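These numbers were taken from a predicted model, which means no experiment stands behind them. Chain letters run A, B, ... following the sequence lines, proteins first, then strands; residues in each count from 1.
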2 protein chains.
Amino acid sequence: MSSKTTTSTEPSDFPADADDELIRSGRDAALTRRALVRAARRRFATDGYRATTVRQIAADAGVNVALINRYFVSKEGLFEACMLRTSDELDTRASRPSKSIDEVIERLIEHVVNAPDRDDPLQLLLLLRSSGDENADLIRRRTLEHFTRQLATAAGWRSDDPDTEAILLRAQLAIATSLGVVMLRTSAVVEPVASASAHELTGPLTQALRALLAPIGH
Amino acid sequence: MSSKTTTSTEPSDFPADADDELIRSGRDAALTRRALVRAARRRFATDGYRATTVRQIAADAGVNVALINRYFVSKEGLFEACMLRTSDELDTRASRPSKSIDEVIERLIEHVVNAPDRDDPLQLLLLLRSSGDENADLIRRRTLEHFTRQLATAAGWRSDDPDTEAILLRAQLAIATSLGVVMLRTSAVVEPVASASAHELTGPLTQALRALLAPIGH
DNA sequence: CCTCGATGTAAACACTTGCTGACTTGACGA
DNA sequence: TCGTCAAGTCAGCAAGTGTTTACATCGAGG
């Protein structure tokens, strides 16, 4: 199905984002790199590293396969680039200061619940996907652990707190919860969570996350 | 690494369970089938469907590769068999009646937190892994949705309840939370959750699950 | 003892995978 | 106009994939 192409370049059934597609008119290295990373992130996040082929990615990005190796050396290199970009974006977002725990939770839920055409949730999913490459996996784990500390901090944790261990654990359980929900909505598509609206999800999720994060503050 | 073998049969670094290994003394179809399913479930759950090769599975089970196709027709057939067995085991376990919500939660946490050498958590993880095969994926989704109803029932849901929708959603969010934690512990190995003890996890997890499931009863 | 079906083995097949090297195309300054 | 070089294309290789086919081996029944 849909894989009749051997070396072709057609968009396939998982096209690059519209704006990218419009701008692309041939020769622009930076644009090509971005298109590849964008397509790769979607594939890696939804299908997993191993199940994604470089030809799929190239087709999605509307770009020749060989350019992946030109710009990122290897499939693993491309994965690493995806990981780094996700890591960065997550970092800048989380660094915005927040007033209350509820505000932190609200923002976390936003990540989870965003419309499926935006690839916010996919960024989170990418953090779960192991590539088998040691280097990329190290980045992945580091990012996840960094994200844990950021969430804990946002929830009121100070690094001189006596039971830092328990607090980091709680923060990471909150992340685990979020990841689980994204997984069930995006990858394994299971009802009723998959097609639940943001409004329906917010209430219960807030309660669960509050149960995990509220004890951090005091 | 460790895949120097091409068609060999040695146990590799992910051997079948000891007892199976001891019993196996050659020609027993039923035993061979069971060994294959057992090995396959571990691989599929931890590495994913696509990343797992039939030769790995065969090596883990201490069995010739061709026997997978003899007994299960194809890799997908083996995956389906894994799914069915997991579905069955989950069913019989969950059908034991429980008194209070806290007891339900306690049992759910047991699934998540069980020692890593038991493959209880892997059964859960398997429910997240999509094979690309329509049939197996259908089984997977059905199992998850069935599990959702079972959990809701155990938490006090009656099918004539007016807001069934919201209740099933809460139950499934509880499952999502559990799956997220297992994922972080088993597949993406990230600290501190990965090496947290059962005792450390139980407290926070109970609070989170209670926030999700407690409103079901009333 | 020999036969025959069930069980297990080994080698190969057809196909996909990631990747490479030689090539063409386009833009731009001299 | 031409030379130059980055950007993009193309065909193909080597390794790995799931699967099949032909063969070996065991255990029981005639």
Side-chain angles (χ1 to χ4, degrees), chain A residues 1-10 12 16 23-36 39-40 43-44 47-81 131-133 136, chain B residues 1-10 12 16 20 23-36 39-40 43-44 47-82 131-133 136:
Chain A
M1 66 280 289
S2 93
S3 62
K4 56 187 186 307
T5 78
T6 54
T7 337
S8 118
T9 271
E10 42 183 328
S12 89
I23 299 175
R24 282 200 59 74
S25 64
R27 311 183 145 257
D28 185 333
L31 220 53
T32 302
R33 289 177 62 108
R34 249 180 294 150
L36 280 173
R43 285 287 187 185
F44 285 149
D47 302 345
Y49 178 82
R50 207 59 173 266
T52 302
T53 72
V54 288
R55 297 186 221 265
Q56 276 180 342
I57 297 173
D60 291 350
V63 146
N64 193 287
V65 209
L67 296 181
I68 289 179
N69 300 101
R70 179 192 282 287
Y71 291 128
F72 301 96
V73 181
S74 66
K75 183 186 180 186
E76 281 178 356
L78 177 54
F79 183 76
E80 209 171 304
S131 72
D133 174 45
Chain B
M1 47 180 71
S2 93
S3 60
K4 55 186 189 307
T5 76
T6 55
T7 336
S8 117
T9 270
E10 44 183 324
S12 88
D20 253 13
I23 299 175
R24 280 201 60 74
S25 65
R27 310 182 149 258
D28 185 332
L31 220 55
T32 302
R33 289 178 62 108
R34 248 178 295 152
L36 279 173
R43 285 287 187 184
F44 285 148
D47 301 345
Y49 178 81
R50 208 58 174 265
T52 303
T53 73
V54 289
R55 296 185 222 268
Q56 276 180 342
I57 298 174
D60 291 349
V63 145
N64 191 287
V65 207
L67 295 181
I68 289 180
N69 300 97
R70 177 190 285 288
Y71 291 126
F72 300 96
V73 181
S74 65
K75 185 187 180 187
E76 280 179 356
L78 177 55
F79 184 74
E80 207 172 305
C82 294
S131 72
D133 175 42

Asks: May I ask you to verify if any side-chain N or O of B/T32 is less than 4.0 angstrom from the OP1 or OP2 atom of C/dT7?
Replies: no

Asks: What is the distance, to the nearest angstrom, from the CD1 atom on B/I68 to the C1' atom on D/dT21?
Replies: 17 Å

Asks: Roughly, in whole Å, what's the span from CG in A/N69 to C1' in D/dA14?
Replies: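 That distance rounds to 15 Å.
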
Asks: Nearest whole Å is fine: how far is C/dT17 P from A/R43 CZ?
Replies: 11 Å

Asks: Got B/L67 and B/R70 here, is their nearest side-chain heavy-atom distance under 4.5 Å?
Replies: yes

Asks: When you check the phosphate oxygens OP1 and OP2 of D/dG16, does a side-chain N or O of B/T53 lie under 4.0 Å from one of them?
Replies: no

Asks: Indicate yes or no: at least one non-hydrogen side-chain atom of A/E80 is less than 4.5 angstrom from one of A/F72.
Replies: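 Result no, sub-4.5 Å side-chain heavy-atom pair not found.
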
Asks: Atom CG of B/L67 and atom P of D/dA22: how far apart are they, to the nearest Å?
Replies: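 So the CG-P distance, B/L67 to D/dA22, works out to 18 Å.
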
Asks: Using a distance-only criterion (donor-acceptor N/O pair, under 3.5 Å, no hydrogens), is the base of D/dG16 paired with the side chain of B/R55?
Replies: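 When only heavy-atom distances are counted, B/R55 does not reach the base of D/dG16 through any donor-acceptor pair under 3.5 Å.
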
Asks: At under 4.0 Å, does any side-chain N or O of A/N64 touch on OP1 or OP2 of D/dG8?
Replies: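 No, because none of the side-chain N or O atoms of A/N64 sits under 4.0 Å from OP1 or OP2 of D/dG8.
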
Asks: Using a heavy-atom cut-off of under 4.0 Å over every strand shown, decide if A/A66 touches base, sugar-phosphate, or nothing.
Replies: base

Asks: What is the distance, to the nearest angstrom, from the CZ atom on A/R33 to the C1' atom on D/dA7?
Replies: 13 Å

Asks: Of all heavy-atom pairs between A/A58 and A/N64, which one has the smallest distance, and what is that distance?
Replies: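 The pair with the smallest heavy-atom distance is CB-C, 4.1 Å.
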
Asks: Nearest to the side chain of A/K75, heavy atoms from C-beta on, is which of C/dG18, D/dT19, D/dA7?
Replies: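 Nucleotide nearest to A/K75's side chain: C/dG18.
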
Asks: Whole-Å distance between C/dA27 P and A/D28 CG?
Replies: 12 Å

Asks: Mapping A/A51 and A/R70 to their closest nucleotides on DNA chain C, which lands nearer the 5' end?
Replies: A/A51

Asks: Roughly, in whole Å, what's the span from CZ in A/R34 to P in D/dA7?
Replies: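 Whole-Å distance recorded here is 14 Å.
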
Asks: Let me spell it out: for each of A/Y71 and A/R50, pick the nucleotide of DNA chain D with the closest heavy atom. Which residue's pick is nearer the 5' end?
Replies: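 The residue whose closest nucleotide sits nearer the 5' end is A/Y71.
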
Asks: Take atom CG of B/L31 and atom P of C/dA6, then tell me their distance rounded to the nearest Å.
Replies: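 The answer, rounded to whole Å, is 19 Å.
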
Asks: Does NZ or CZ of B/K75 come closer than 6.0 Å to the centre of the six-membered ring of B/Y49, within 45° of the ring's axis?
Replies: yes

Asks: Mind checking the CD1-CD1 spacing from B/I68 to B/I57? Nearest 0.5 Å is all I need.
Replies: 5.0 Å

